[in-house]
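Read through the structure below, which is laid out as structure tokens, and then see the notes.
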Number of protein chains: 2
Amino acid sequence: MKDVAQHAGVSTATVSRVLNGHAAPTPETRERVLAAIEELGYRRNALARSLRTTSTQTLGLVISDLLNPFFAEIARAVEDEARSQGYCVVIGNADENTEQEATYVRTLLDRRVDGLLLCPATDDPGLVREVSAGGVPLVLLDRTVRGATCPVVRADGSEALTALARRLVGAGHTRIGVIAGPPNTSTGRERTDVLTGSLGGLAQVVHGDFRQGSGSQAAARLLDDGVTALIAMDNLMGLGALGEIRARALQIPHDIAFAVFDDQPWFPLLDPPITVIAQPTVEMGRAAARSLLALIDGRQPDDVRLTAKLVLRGSLGEAEL
Amino acid sequence: MKDVAQHAGVSTATVSRVLNGHAAPTPETRERVLAAIEELGYRRNALARSLRTTSTQTLGLVISDLLNPFFAEIARAVEDEARSQGYCVVIGNADENTEQEATYVRTLLDRRVDGLLLCPATDDPGLVREVSAGGVPLVLLDRTVRGATCPVVRADGSEALTALARRLVGAGHTRIGVIAGPPNTSTGRERTDVLTGSLGGLAQVVHGDFRQGSGSQAAARLLDDGVTALIAMDNLMGLGALGEIRARALQIPHDIAFAVFDDQPWFPLLDPPITVIAQPTVEMGRAAARSLLALIDGRQPDDVRLTAKLVLRGSLGEAEL
DNA sequence: AGGCCGTAGTTAATCGATTACACATGGATG
DNA sequence: CATCCATGTGTAATCGATTAACTACGGCCT
């Protein structure tokens with residue numbers, strides 16, 4: 001910057017003013033400065049700027065698993081919204097691992113992100129407290145924690161799940177396998193509670209960890225137990241379950257009715273296409289980013305609760321008639 | 001930091017020494033400092049540190065499309081490797097868009113990443129030159145640009161593609177539809193050249209843009225033209241093509257032979273399972289991160305060329321006998 | 001003419017770290 | 001006993017920006 005100033009025959013203060021679009025500089029000086037910048041190929045050091053202004057124009061996003069397309073879509077949406085407001089997003093991948101999650105959150109705080117979006121790996125409020133204590137704006141996304149005091153953005157699947165339950169019961173299923181998420185995550189617990197609640201005593205629950213492997217194992221257990229319907233509580237466990245179903249050469253829906261929480265572009269391509277509960281991922285991501293930016297802005301955004309929708313495609317068989 | 005120093009009755013220099021594990025401080029002073037840090041909940045400002053040391057311990061990764069699982073896997077691998085060496089990764093999503101790509105690259109440079117991994121959207125060397133001119137370590141990943149002078153990490157599909165071509169020809173296919181990537185990307189061009197080359201005059205090529213929509217459109221065109229085999233040059237276009245095939249109620253492999261470049265976890269679940277050319281995504285990501293770290297370290301890593309493998313699963317029909 | 005004001009630009013303090021250099025202390029050496 | 005060195009710590013310059021406070025200049029009013 002000193003070089004630019006010298007080159008243009010002004011002081012660094014003037015260069016800074018030009019760069020920040022302040023009122024002061026004459027159009028003529030402005031020109032000279034811009035020319036010097038151009039000529040020297042100068043780019044301002046964002047680190048120094050941030051140090052001085054205590055604003056990085058950066059949001060942190062810590063998600064549970066980058067390989068899960070659900071989170072990838074969310075990340076994408078967050079990024080879009082943030083960029084449109086001049087913010088940049090740093091993504092941290094916690095891998096459904098509490099320790100890695102904490103490490104990432106701390107790294108992001110150390111780098112002074114202006115705000116943090118977190119999809120907590122568990123419902124333990126420890127980490128959230130730590131962030132709040134540091135006074136950094138925080139919004140929870142998809143999942144919440146016990147006694148959360150910050151804004152939360154999530155999808156509500158209750159309606160869709162009860163509708164699904166009603167159909168299964170109506171079609172005469174009496175042994176319904178539920179591949180549930182981890183009970184120490186809000187989404188894992190809530191979805192399962194709603195579904196088993198509406199199924200009365202017909203549900204058989206096995207807990208997985210929101211990953212493919214646990215999906216196949218859970219499916220194997222439940223199929224051994226003789227269930228006639230299988231519901232996976234997220235797309236990765238659904239993928240695992242489908243693998244197990246295929247390995248046993250079972251026909252959907254004839255041998256087994258099947259549905260998944262989370263939609264994926266390839267679900268309609270299966271035969272039959274898979275019935276799902278679709279979450280509005282893009283809207284979730286955008287809403288979360290907006291809430292966080294509002295918070296950074298000093299406003300106090302409300303919680304956002306979007307609704308997930310049951311999409312019937314055929315994998316439930318007669319339950320869809 | 002001043003507070004910590006005061007609290008421990010030492011100078012900031014000593015605090016800094018403790019923090020950086022320098023030899024100097026007495027075990028006893030060290031203890032006092034650590035206690036003060038603990039008590040005050042002090043966390044050091046990474047911005048200030050980076051400003052002074054001119055090292056951010058951060059790698060930039062600009063990928064073409066976060067929603068493409070191929071890139072998501074790569075990102076994941078890069079991140080793993082980087083973290084294991086104490087580096088953090090900032091991901092930028094270019095969305096197969098040159099302008100957004102340039103914006104992201106510049107943002108990352110402004111934030112003084114220690115090195116940059118780039119999956120270039122086109123083979124235009126402009127942006128690469130700009131980065132090199134700035135003296136920032138750069139490694140290209142998956143794709144290269146014309147006249148690249150920096151290390152490149154990619155997968156070589158030539159062998160797999162010729163093997164695939166041989167099988168198609170051997171099975172008697174005479175009209176083979178190729179859903180190609182954009183000709184201004186190295187992967188788009190090279191894959192297509194190899195395949196059409198080994199197919200003699202039997203190939204019919206339609207160019208897509210590595211996204212789902214273009215895959216369905218290209219498939220529609222080619223199917224209208226009466227091809228008996230369809231090869232998609234990446235997984236998203238493959239997804240689109242499958243949609244079109246399904247919409248027309250065509251049977252694979254009876255009505256149409258089908259294969260895709262890129263593997264995906266759900267390909268084995270289709271009926272029949274889809275034959276693919278699988279790229280070693282994880283190894284690519286790790287290798288790229290390693291190369292970049294070597295470059296940052298002042299070493300001069302070689303280009304890395306891994307091989308993609310043909311995985312036969314049944315969607316080619318008799319071509320697989 | 002003298003006082004006042006607005007404008008364009010400069011000087012220098014500051015953000016929070018790192019680190020070269022200076023300094024003090026104490027034990028070993030000639 | 002003076003000298004020297006090793007060791008642990010403090011002082012202050014520095015990284016590259018922003019910005020409050022100040023100066024210089026010219027015109028306007030009375």
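Computed from heavy atoms alone, side chains included, the values below leave out hydrogens, waters and symmetry copies. Keep in mind it's a predicted model, so treat the numbers as computed, not measured. Here is the naming used below: chain letters follow the sequence lines, and residue numbers restart at 1 for every chain.
A 4.5 Å side-chain heavy-atom check between A:R111 and A:T56 finds every atom pair outside the cut-off. Residues B:S64 and B:D95 have side chains not in contact (no heavy-atom distance under 4.5 Å, counting atoms from C-beta outward). Considering only heavy atoms from C-beta on, B:D110 stays 4.5 Å or farther from A:N45 through its side chain. Between A:T281 and A:R286 there is no side-chain heavy-atom pair separated by less than 4.5 Å.
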Each nucleotide N or O in nucleotides 5-9 of chain D that has a protein N or O under 3.5 Å away: list the pair and distance.
from: D:dG8; atom 1: O3'; to: B:T26; atom 2: OG1; distance (Å): 3.3
from: D:dT9; atom 1: OP1; to: B:T29; atom 2: OG1; distance (Å): 2.7
from: D:dT9; atom 1: OP2; to: B:T26; atom 2: N; distance (Å): 3.0
from: D:dT9; atom 1: OP2; to: B:T29; atom 2: OG1; distance (Å): 3.3

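For the pair A:Q6 CD and C:dT11 C1', the interatomic distance rounds to 16 Å; values are reported in whole Å.
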Distance-only donor-acceptor pairs under 3.5 Å for side chains of residues 119-127 of chain B, two or more places apart:
from: B:T122; atom 1: OG1; to: B:D124; atom 2: N; distance (Å): 3.2
from: B:D123; atom 1: OD1; to: B:R146; atom 2: NH1; distance (Å): 3.2
from: B:D123; atom 1: OD2; to: B:R189; atom 2: NH2; distance (Å): 2.6
from: B:D124; atom 1: OD2; to: B:G126; atom 2: N; distance (Å): 3.0

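Residues satisfying the side-chain contact (heavy atoms from CB on, under 4.5 Å) criterion with B:T149, sequence neighbours excluded, are absent altogether.
Evaluation of the salt bridge (Lys or Arg N to Asp or Glu O under 4.0 Å) test over residues 45-56 of chain A, restricted to residues two or more places apart or in two chains, returns none.
Summary of helix geometry: the two end axes of the helix from C:dA1-D:dT30 to C:dG30-D:dC1, each defined by five base pairs via their C1' atoms, are inclined to each other by 70° (rounded to 10°).
The closest side-chain donor-acceptor pair between A:S84 and A:D80, if any, does not fall under 3.5 angstrom. In summary, the side chains of A:R83 and B:Q100 do present a donor paired with an acceptor at a separation below 3.5 Å, with no hydrogens or angles considered. Remark: the B:S186 side chain and the B:R154 side chain contain no N/O donor-acceptor pair separated by less than 3.5 Å.
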Sugar-phosphate or base contact per nucleotide [nucleotides 12-17 of chain D; S, B, -; heavy atom under 4.0 Å]: -BBBBB
